[in-house]
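Letters A, B, ... mirror the listed sequences (proteins, then strands); counts begin at 1.
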Amino acid sequence: MSKIRRGLTHRDPLRDPAPLIRRVYAYVAYRIGDGADAEDLTGETFARAVRYRESYDASKGTPINWLIGIARRCVDESFSRPRPGSDPPDREAPGDLEFDAVERLTMSAAVSRLNDRERELIALRYGADLSARQIAERLDLSTTAVDVALHRARARLRELLKAGRDARDKPM
Amino acid sequence: MSIWKRDRDSDLEHELRAGRPVPRPEVTEEIADRVRPRSGFMRGLDRVPLGVAGVLSTAVVVAVIALGGASSTLDAAGNALNFQNAAKGKKDVNTAEFNQYGPRVFICINAQATVRVAGSVADFLISGGVATSGKCPTPPGKIRGDKDGDGVLDKDDNCKKFYNPGQENADGDKRGDVCDRFENDPNRT
């Protein structure tokens with residue numbers, strides 16, 4: 001009976017895919033960098049999600065939580081695959097971009113210089129937009145530990161951004 | 001934005017959120033297309049409202065499917081009109097599947113394609129074909145020793161009740177990813 005009741009309230013986890021695609025992409029891009037590789041991995045994540053959509057269990061988490069689990073595995077697998085000259089991100093030269101875009105590039109570059117753990121946390125929190133509690137469940141940590149680690153990651157990011165800015169502003 | 005502003009934590013958080021990488025629109029659309037059911041008819045079958053089954057009996061009946069050994073009629077939107085009769089039907093092959101595996105109900109189309117229900121008794125994902133009356137083939141799950149019908153016998157299956165023909169297991173423990181809550185932690189399942 002409970003199964004029938006669950007069935008009545010069940011929703012397809014991929015019912016409204018566009019916002020999920022954006023969040024998964026942002027997560028992947030913060031992990032591996034913005035560009036074609038991130039798009040490929042996002043596509044791969046959703047291909048797997050389609051294959052296993054029947055196994056989605058709403059009682060275990062939200063659709064984005066489920067998708068991020070799949071995305072993490074895709075990213076981890078991509079790290080273990082040999083990468084024969086991956087494409088550079090599809091971006092113009094920094095000098096041609098608007099100021100905001102330069103800022104974003106600098107942010108991307110700074111995120112890419114964080115260590116794996118910090119990148120993962122930043123990607124989960126600000127890319128996938130998961131709460132500290134959801135991240136804690138996923139990484140099997142306490143919420144406090146996640147908050148502290150995120151605080152450290154942001155501090156490191158600020159240092160990197162500041163160093164980048166100082167280097168740019170230095171007179172030739 | 002000045003570097004001084006970035007020194008404040010909340011501003012950095014705001015920048016990380018506002019400046020998060022976005023996929024190209026055509027990529028988003030391409031992925032979304034692959035995710036969506038294939039056609040209007042298939043999308044209609046995405047949700048079968050059990051509670052209102054029978055209410056839509058004036059709708060145009062476009063198809064009859066065989067489910068649980070009983071016939072169910074579908075209207076143009078894909079709603080099953082007498083689905084409840086099928087679901088509580090006799091203890092035949094398909095009803096047994098439903099009772100045993102909950103969300104996994106097998107229905108058949110043209111007696112050729114076995115169709116898995118996506119997620120629950122109320123959510124259908126039809127893989128193809130036009131629904132007509134017919135006799136259901138034996139569902140894969142009825143193969144002796146393979147409860148979930150994924151082609152891997154229970155004794156070797158790392159998720160006996162979940163369809164996972166690839167047997168993916170990221171952390172290498174005894175449970176496959178689809179039924180492992182801690183799929184990256186080999187010490188917990």
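- Distance CG/B/D11 to CZ/A/R154: 11.5 Å, rounded to 0.5 Å.
- Only the side chain of A/R73 comes within contact range of chain B, judged by heavy atoms closer than 4.5 Å.
- Distance check, rounded to the nearest 0.5 Å: CG of A/L157 to CD of B/E13 gives 11.0 Å.
- Summarising the geometry, atom OH belonging to A/Y27 is positioned 14.0 Å from atom CZ belonging to B/R20; distances are rounded to the nearest 0.5 Å.
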Verdict with supporting geometry, B/V27 and A/T42, side chain to side chain contact (heavy atoms under 4.5 Å, CB included): CA-CA 9 Å; B/V27 171; A/T42 305; over 6 Å; no
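- Applying the salt bridge (charged side-chain N to carboxylate O under 4.0 Å, His left out) test to every pair with at least one member in residues 16-27 of chain A, sequence neighbours left out, gives no pairs at all.
- For residues 111-121 of chain A, heavy-atom neighbours of chain B at less than 4.5 Å comprise A/V111, sorted by residue number.
- Contact of B/E168 with chain A is made through the side chain alone, with heavy-atom distances under 4.5 Å.
- For the side chain to side chain contact (heavy atoms under 4.5 Å, CB included) test with B/I31, the passing option among A/L20, A/V50, A/I21 is A/I21; the others fail.
- Residues forming a side-chain contact (heavy atoms from CB on, under 4.5 Å) with A/A29 (at least two apart in sequence, or on another chain): A/Y25, A/D34, A/A38, B/P21.
- Close approach to chain B, defined as a heavy atom under 4.5 Å from one of its heavy atoms, is seen in A/R125, A/Y126, A/G127, A/D129 of residues 125-136 of chain A, taken by number.
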Derivation and outcome, side chain to side chain contact (heavy atoms under 4.5 Å, CB included), residues B/L12 and A/M107: CA-CA 10 Å; B/L12 181 62; A/M107 179 67 82; 3.8 Å; yes
